[in-house]
Structures are given as C-alpha cells and as structure tokens.
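Since the structure comes first, as structure tokens, the remarks are kept for the end.
Bear in mind the structure is a predicted one, so any value in this text is a computation, not a measurement.
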Amino acid sequence: RGGRGRAFSAMACSPAAGGGHCALLRLLHLLLHCILFSLASSHFAADHAIDGSPGLCVSLIQRSGYSCREHSVTTDDGFVLGIQRIAQGHGHHSYEGSIPRSPVFLQHGLFQGGDTWFENSPDQSLGFLLADAGFDVWVGNVRGTRWSHGHTSLSKNAKEFWDWSLDELAEKDLPAMLELVYKSTNSRVYYVGHSQGTIMAFAAFTQPNVVNMVAAAALLSPISFLAHITSSFALTAAHMHIDKFLNALGVHELNLRSDIGVKMIDLICASKKVDCVDMLTSITGPNCCFNKSRISHYLEYEPHPSSTKNVQHLLQMIRKGTFGKFDYGWAGNLAHYMRISPPTYDLSSIPKTLPLWMAYGGLDALADPDDVMLTIKNLYCDSKLLYLKNYAHLDFVWSMSGRDDVYNNLISFFISQIRHFSA
C-alpha cells in the first residue's frame, strides 16, 4: 500500500504534469486518505485511555496472552465510549461440544470499568472464561470511566460533561454499545451485567429497540429496587443527603481518589452507624470468597469516576424505594417529563420471551434478596435463579471460586439458549 501511495505521488507531481493538474491530483490524494482514515477509525479506537495511559487491551487483557482490539462508539449526545473485543479465546474449557460463535457483552457496575471482568487469573475471570468457552467477547465502558474517550466537544472538566445519571446510561450508552456489537456481528447479543450494569439493563430492556438486540441476559447481583438495602455506608449517605452536600460544593465529577472524594468518605465514616475499619463490608456486605491480598491489585484499576448526579439518582432510589427516573423536583420534573413526579421504569414491559438468568447472594448488602424478589414479582419473563447464601456484592465478580460457584452455571445457561435458537 505504501508503494502504491509513493507511485501515485510521483505520477501526480512529475515534471510532465501541469501545475493545475498536479494540484488537483494532490487534492484528490488527500481526500482519499481522509476517507480511508475516516472508515478505518469509525469503530476502532486508539490503544489509550481517557487520561492518555494505555488502554484496557494493552493494560490488562493482552498481558494474559489474549488477542484484544479497542473499539469506540459515539452516543447521540456526543460521548465517545470505549469497547474492547476478544474475538478468540484459548479454548481451555469444554462445555459439552462446540457452539456457534456468539457475541456476549459485559457491562460493569458503579465506580468500575471493563477491567472488572479480567482482574483475576484467566481461569477465575468471567471475561476470559467466556472467550475460552467460544464466545465473541465485547466489553462495555460507560461515559466518564477511564477506558472511554471523553466527548466530541465537551472538556472532561466541564460541568456539562458530568450532567448525567442512570437514565442516560440506560437510554444512550447501553443502546449505542449494543447496537455496535449487534451490527458488527450481525447477531443478537448475550448480555451480562453486574450491579449498575443490571440497573442499566432493566431500564434499557423496557425499550423495544434495545431488548430486540438481546438474545438472553445474565444478571449478577441484580438491582432495580433499593428499598431493602442493608449497606450501612449507602444508607448513611442517603439519609445524610450527601448528594446535596456535593451539589452545594459544586462537585460534578465524583472521583473517590480525589480530595473531595476522600472528604466525603470521611464525613460518612464519622457516623457511628458505619464501620469504616472494614470499608468494603460496610458498602457491599461481607464478601466471602475473594482474596483480600489482591485488593492492592484491584486498586490499580478501581475505582473509576462517576457523576455526582448518577450517585444522587441511586440515593433517590434508596430514599424512595422506587425504580424510577431522576427526580428534578416538581418544577424540573414538569420541564423534563411534563408531570410533577418522575416516571417509573415498568419492568412488566420487558418481553416475557426474554430468557433471563439471575444470580444473587444472601449477604449482599446492595442487591438485597428481598429486593431481588420484588424485581422478580414485577417481571413477566421466566427467570432462572442461582442463590448463593454466603455471597455478597463483590463476590460475583472477584470470587476466587466464581468459576465453580457461578460462571459455569451462567455459561451453561447461554449455551442452552444458543442451542435452542440453533435447533
């Protein structure tokens, strides 16, 4: 290709060519390069993160010997989201015969990114296990996280950059990412979400244009309602209206690594109701099965930033006990929704034909079993359930025994659906 380009340039500017003709050919040459560059970069992203550091493929996935490629997609409100693809695994794990290669999409939780699926060894990380089982693995990263790529016009430091909540994640980010996978593979997508990734799914799946791209869904620590949450940290934050405190300070990006993030944690920890000696337990419940000696490794990648508005939305859900859109106050609600109170997400509108698998834990302080039952009560689709009485919130992504406890069951569910659709 380089040789042809040099030949073209030599022909275009040879002494035999007239000046005007030479200039025209140079212009055509430039336009051709621009078109080719545009086509090449429409879905493929540079191998770097929003902060200029190496991207997720280079930083984590390729280190384990897996081929990985960076992609990006732009939402209709201008956010450039990073997506990683592992199209081929190592085939280490057999699940009773081969299956047609099918796309699976992984969506992370709050203050996390796509790295969460790959932070343990390949035989303990769901992302690697799915690739080895024969799936075409795609990894999502929402706006504002390290592995995404900012905005087409807004600076990361602008207030407007952080003016979003779960509503935008479900109505803009997730549809854009799923559409990229759907169109790139010409196949409906198998969806996996954890924590916030399940809230996004429940909200997005009420939209026919989104759920029609999904073949089946597996939800870890599924959340729609937060009425029975037992997390002392989250309950204290909600009752203290820590979101109002942050808004009053003009904090729009909530980065737990920042000075203001540390001060917010200290303020919550000052409450006698929160035991911050064991911070993770206070937030997520007593996780049984991940190796605490690896926390320093996890902290190389986590936590990712989120928006204050997004956290405020979650705290509203805790205070109200409902699964609804962001509450702007009666005047703001009239402007946004043409009604005094925000609308709720109607779980019953999720098609009953959607194959759904959910895994939840008896000690999960964020996805409380009572709230999971409330979610199931509002769904019309038949759900396969896996209950692990000793699991808490983070066990579902970081457990050292996750393959045997959870992931083999999840993968078998997907394979059964693939075989059903292929029959």
Side-chain angles (χ1 to χ4, degrees), residues 38-50 53-75 79-93 98-109 112-120 122 125-143 145-150 173-194 197 200-201 204 210 213-218 301 304 397 407 410-411 414-415 418:
S38 176
L39 290 173
S41 61
S42 58
H43 292 315
F44 299 111
D47 290 335
H48 60 75
I50 191 173
S53 61
L56 177 55
C57 283
V58 173
S59 296
L60 192 57
I61 297 172
Q62 291 174 357
R63 288 183 182 180
S64 294
Y66 287 75
S67 175
C68 178
R69 188 158 194 177
E70 299 278 353
H71 294 253
S72 68
V73 66
T74 303
T75 65
F79 285 88
V80 185
L81 310 178
I83 301 174
Q84 293 75 36
R85 183 183 190 183
I86 307 174
Q88 187 74 42
H90 294 166
H92 291 165
H93 303 287
S98 62
I99 56 170
R101 185 168 298 280
S102 302
V104 61
F105 180 82
L106 305 177
Q107 185 54 57
H108 62 78
Q112 293 185 310
D115 47 89
T116 195
W117 307 106
F118 304 98
E119 288 173 345
N120 284 336
S125 298
L126 181 57
F128 292 130
L129 290 170
L130 284 163
D132 288 344
F135 287 87
D136 180 4
V137 179
W138 297 72
V139 186
N141 299 274
V142 302
R143 58 186 66 191
T145 53
R146 176 178 173 185
W147 311 119
S148 281
H149 306 288
D173 287 21
L174 191 53
M177 292 187 287
L178 286 177
E179 184 177 24
L180 172 64
V181 179
Y182 179 76
K183 289 185 175 179
S184 297
T185 61
N186 195 31
S187 175
R188 289 198 299 162
V189 182
Y190 290 83
Y191 182 91
V192 179
H194 172 247
M200 292 167 59
V210 177
M213 294 187 287
V214 177
Y301 306 97
H304 291 250
V397 288
Y407 304 152
L410 183 159
I411 292 171
F414 278 167
I415 290 175
I418 292 170

Polar side-chain atom of [X] near backbone of [Y] as donor-acceptor pair, under 3.5 Å:
| X | Y | answer |
| --- | --- | --- |
| Q62 | C68 | yes |
| D132 | H90 | yes |
| T74 | V80 | no |
| S72 | L81 | no |

Do [X] and [Y] have side chains that get closer than 4.5 Å, going by heavy atoms?
| X | Y | result |
| --- | --- | --- |
| V214 | Y182 | no |
| V139 | H108 | no |
| W138 | M177 | no |
| L106 | L130 | yes |
| E70 | Q84 | yes |

Atom [atom1] in [X], atom [atom2] in [Y]: separation rounded to 0.5 Å?
| X | Y | atom1 | atom2 | value |
| --- | --- | --- | --- | --- |
| N120 | F128 | CG | CZ | 10.0 Å |
| F105 | D136 | CZ | CG | 12.5 Å |
| R101 | I418 | CZ | CD1 | 10.5 Å |
| L174 | M213 | CG | CE | 7.5 Å |
| I86 | F135 | CD1 | CZ | 13.5 Å |
| I61 | F118 | CD1 | CZ | 4.0 Å |

Give the intermediate values and the outcome of side-chain contact (heavy atoms from CB on, under 4.5 Å) for residues F414 and S102. CA-CA 10 Å; F414 278 167; S102 302; over 6 Å; no
Salt bridge between D173 and R143, side-chain N to carboxylate O under 4.0 Å? yes
Under the side-chain contact (heavy atoms from CB on, under 4.5 Å) criterion, do V397 and L126 qualify, and how do the steps go? CA-CA 8 Å; V397 288; L126 181 57; over 6 Å; no
Which atoms form the tightest heavy-atom contact between [X] and [Y], and what is the distance?
| X | Y | result |
| --- | --- | --- |
| H149 | H71 | NE2-O, 4.5 Å |
| V137 | A131 | CG2-N, 3.5 Å |
| V210 | P175 | CG2-CG, 3.6 Å |
| W117 | Q107 | CZ2-O, 3.3 Å |
| S64 | P122 | CB-CG, 4.0 Å |
| W147 | G55 | CZ3-C, 3.5 Å |

Sort out for me which residue in N141, T145, D115 forms a side-chain hydrogen bond (donor to acceptor under 3.5 Å, both in side chains) with H304. D115
Can you check side-chain contact (heavy atoms from CB on, under 4.5 Å) on V73 and K183, steps first, answer last? CA-CA 12 Å; V73 66; K183 289 185 175 179; over 6 Å; no
Does the pair Y191 and V181 meet the rule for a side-chain contact (heavy atoms from CB on, under 4.5 Å), with working shown? CA-CA 11 Å; Y191 182 91; V181 179; over 6 Å; no
